[in-house]
4 protein chains.
Amino acid sequence: MEAALELLANDGYYASSISKIAEKAGVSKGLMYNYFESKDALVLELLSKGIDEMLEYFDPNNDGILTEAEMESFIRNIFMLLKKDIKYWKLYYALFLQPQAFKLIQDKYTNLVPAFIGILTRYYEAHNSKDPVNEALLFGAMMDGVGFNYVMNPSLYPIDNLIDTILEKFCYIKNNKNEKT
Amino acid sequence: MEAALELLANDGYYASSISKIAEKAGVSKGLMYNYFESKDALVLELLSKGIDEMLEYFDPNNDGILTEAEMESFIRNIFMLLKKDIKYWKLYYALFLQPQAFKLIQDKYTNLVPAFIGILTRYYEAHNSKDPVNEALLFGAMMDGVGFNYVMNPSLYPIDNLIDTILEKFCYIKNNKNEKT
Amino acid sequence: MEAALELLANDGYYASSISKIAEKAGVSKGLMYNYFESKDALVLELLSKGIDEMLEYFDPNNDGILTEAEMESFIRNIFMLLKKDIKYWKLYYALFLQPQAFKLIQDKYTNLVPAFIGILTRYYEAHNSKDPVNEALLFGAMMDGVGFNYVMNPSLYPIDNLIDTILEKFCYIKNNKNEKT
Amino acid sequence: MEAALELLANDGYYASSISKIAEKAGVSKGLMYNYFESKDALVLELLSKGIDEMLEYFDPNNDGILTEAEMESFIRNIFMLLKKDIKYWKLYYALFLQPQAFKLIQDKYTNLVPAFIGILTRYYEAHNSKDPVNEALLFGAMMDGVGFNYVMNPSLYPIDNLIDTILEKFCYIKNNKNEKT
DNA sequence: CATGAATGAGGGTTCATTCAT
DNA sequence: AATGAATGAACCCTCATTCAT
């Protein structure tokens with residue numbers, strides 16, 4: 001069911017009417033409201049699922065400390081998620097910019113970011129960064145930007161090629177390929 | 001006229017009806033259609049103006065070469081633009097993610113990005129980067145992400161603090177403050 | 001079952017969906033349709049019950065003659081009914097004014113009124129009224145109006161205080177209190 | 001325009017959709033919302049107009065005192081109003097009993113009734129009534145009831161015949177016809 | 001140049017009713 | 001006897017757009 005609904009990512013929040021979603025899902029319009037209280041509730045559920053899924057891969061042992069291995073694994077997993085469900089993440093990014101939709105997850109999001117940045121900051125502190133907070137923010141921004149660019153144009157954006165450069169530039173991790181050569 | 005219209009950035013594309021825009025602009029609904037063929041045309045014009053404005057600050061002498069000074073100035077100018085017209089850029093980002101709206105500027109955008117990346121790539125080649133293309137892409141992504149994060153929450157995102165770190169990390173430019181100390 | 005259903009009087013006919021009624025009654029929506037053919041049938045049954053209950057108190061020995069004692073008892077009983085089940089009678093009055101709902105009991109009602117007025121007319125004839133029919137009609141109207149006003153605002157409408165005045169003015173019955181004084 | 005809309009009295013508030021009203025009025029659905037902010041606003045306007053019209057005939061010189069002539073004239077005018085616009089008053093009564101609709105005019109109504117009853121009470125005091133308040137309430141109830149009964153079945157309810165009896169019974173006014181005989 | 005009355009398609013949502021289980 | 005998933009029509013309302021003035 002939800003699988004079909006996610007396709008609203010194709011056309012955006014507003015362009016996807018409940019009618020069309022229901023039709024695509026092969027159910028009646030009325031039935032949609034047995035599963036979701038409203039269109040907003042539907043979207044909120046989708047978004048929440050996405051955020052939770054992403055969090056699973058960030059600091060997985062939940063100790064507030066990000067090792068280099070965890071960092072690398074986080075980046076690789078995020079990219080894997082992006083590639084696995086492009087349309088979903090397209091919706092995800094899109095809704096962030098739609099005021100009405102963003103309000104729905106504002107709370108969840110506002111609580112999350114500082115924690116996220118905090119852990120990253122400690123990572124950079126541990127790597128003797130001169131400006132750990134700034135680096136953390138830039139890392140976040142870069143990840144947002146990569147995701148954004150990738151979902152905008154998946155076929156042309158060479159997301160996999162970027163990993164090594166990211167690891168080196170943002171994580172101080174020399175990637176394996178380079179070590180081999 | 002357009003000045004008033006840009007305020008549709010406040011509420012997003014769909015939440016801003018022509019009626020409300022016209023009211024805010026102090027003109028009649030009908031008159032809007034003397035100036036703009038349609039709502040989409042209006043939005044296209046707004047977006048085009050934004051893209052052009054941004055381009056003005058990128059490679060200003062149009063020689064296809066980005067000097068360090070031009071690079072620094074570009075970044076500072078972009079941030080200045082963001083700060084000057086937050087709402088506008090919020091709309092700008094938002095529309096990028098709204099498929100229907102993005103189609104309107106897709107052509108313009110698709111032509112632009114390779115040129116943009118090309119110039120950046122040459123910049124990184126000139127700085128002996130190991131992966132100039134990747135660095136160019138990451139720079140673009142980071143700039144997108146910073147803009148995105150800033151317009152999402154202007155009061156909390158310390159965009160000015162980031163400049164020095166960006167210059168150092170992405171442009172190989174040691175910033176002035178450090179030199180002074 | 002019906003007891004719970006009557007509470008649809010709270011919100012009116014249209015505002016009370018079968019879903020809500022079923023929920024209030026603690027049964028499933030589907031089961032409702034084992035007991036009542038339709039929502040209208042349910043309402044019809046409720047209304048019929050109300051009319052019958054009222055009739056029980058009017059001309060109880062069914063001889064077509066209303067004695068003064070029967071008249072007084074009728075009035076007192078009606079008021080007692082009103083007070084016992086305000087919500088029910090609110091529904092009752094409300095449905096009378098809703099064309100769609102009224103059609104359901106129109107037959108029952110249309111047959112009833114002339115008989116009712118007939119008996120009242122004979123009461124006024126027996127009391128040497130100059131216009132027995134008119135007095136009968138006015139009595140009916142006044143009773144409707146009192147009920148109407150009472151259920152509209154039970155806490156403020158002093159229905160009990162009215163009884164003596166009604167008895168005197170409409171039934172030529174000197175009330176007890178006066179006799180005592 | 002409104003003339004056509006009043007015909008929603010035919011079917012009641014809920015059974016009259018904006019679509020049907022618009023169709024009956026010969027305009028588009030959308031246009032309805034140029035004239036009335038919402039369905040409720042439409043109904044409120046209709047009801048307010050009705051209440052105001054009725055008040056015009058009650059205590060016309062606004063001195064808080066009801067002379068016998070004013071009283072008689074009031075009754076005759078009310079009946080005239082009823083007869084002139086049966087459907088309108090049918091709506092009027094109907095909406096009073098529909099909780100959702102009544103809320104719309106509750107304020108207006110709640111303020112009105114005590115003033116109304118007050119003036120009537122003084123009328124009865126001036127006529128040496130034993131229970132002026134009760135008589136005032138009964139008069140109000142009777143008028144409500146007569147209106148109610150008349151609009152329910154205009155062709156059968158002999159509203160004109162009732163006037164003389166009302167004047168005599170409720171206003172202590174011997175009517176002319178009787179004096180002549 | 002400028003207005004705003006008018007349209008009609010489409011939006012989200014509710015609800016009486018049915019029916020497989 | 002009892003459930004609740006499923007339907008589809010109808011509801012109120014919004015909106016981009018047109019056009020007579």
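Throughout, a chain's letter reflects where its sequence line sits, starting with A, and its residues are numbered from 1. Computed from a predicted model, the values in this text were never measured in an experiment.
One can place CG of B/Leu42 at 15 Å from C1' of F/dC15, the figure rounded to the nearest angstrom. A straight line from NZ of D/Lys39 to C1' of F/dC12 spans 8 Å, rounded to a whole angstrom. Whole-Å rounding puts the D/Asp40 CG to F/dC11 P distance at 16 Å. Rounded to an integer number of Å, the gap from B/Asn34 CG to F/dT18 P is 12 Å. Between the P atom of F/dT18 and the CG atom of D/Leu31 lies a distance of 18 Å, rounded to the nearest Å. Spacing between atom CE of A/Met32 and atom P of E/dG12 amounts to 10 Å, rounded to whole angstrom units. For the pair D/Ile18 CD1 and F/dC11 C1', the interatomic distance rounds to 10 Å; values are reported in whole Å. Remark: P of F/dC12 and NZ of D/Lys20 are 9 Å apart, rounded to the nearest angstrom.
In plain terms, the two heavy atoms of C/Ile86 and C/Pro154 that are nearest each other are CD1-CB, 3.4 Å.
Not one side-chain nitrogen or oxygen of A/Ser38 sits closer than 4.0 Å to the OP1 or OP2 atom of E/dG12. Taking only side-chain nitrogens and oxygens, C/Tyr35 comes nearer than 4.0 Å to OP1 or OP2 of F/dA2. A close approach under 4.0 Å does occur between a side-chain nitrogen or oxygen of D/Ser17 and OP1 or OP2 of F/dC11.
Nearer the 5' end of DNA chain E, as judged by each residue's closest nucleotide, is the contact made by D/Ser28, out of C/Glu37 and D/Ser28. Comparing D/Tyr33 and B/Lys29 by the nucleotide of DNA chain F that holds the closest heavy atom to each, the one mapping nearer the 5' end is D/Tyr33.
Rounded to the nearest 0.5 Å, atoms CE (C/Met32) and CD (C/Glu23) are 12.0 Å apart. Of the inter-residue distances, the one linking B/Leu156 atom CG with A/Thr110 atom OG1 reads 9.0 Å to the nearest 0.5 angstrom. Interatomic distance, CD1 of C/Ile21 versus NZ of C/Lys39, reported as 6.0 Å (0.5 Å rounding).
Using cut-offs of 30° and 60° on the angle between ring planes, the pair D/Tyr14 and C/Tyr14 is parallel.
Between the side chain of A/Lys24 and the main chain of A/Ser19, no donor-acceptor pair closer than 3.5 Å is present.
Counting only Watson-Crick and G-U wobble pairs whose two key distances fall under 3.5 Å, DNA chain E forms stems of three or more stacked pairs at E:2-21 with F:2-21.
Side-chain contact between B/Glu45 and B/Leu42: absent, with no pair of heavy atoms (C-beta onward) separated by less than 4.5 Å.
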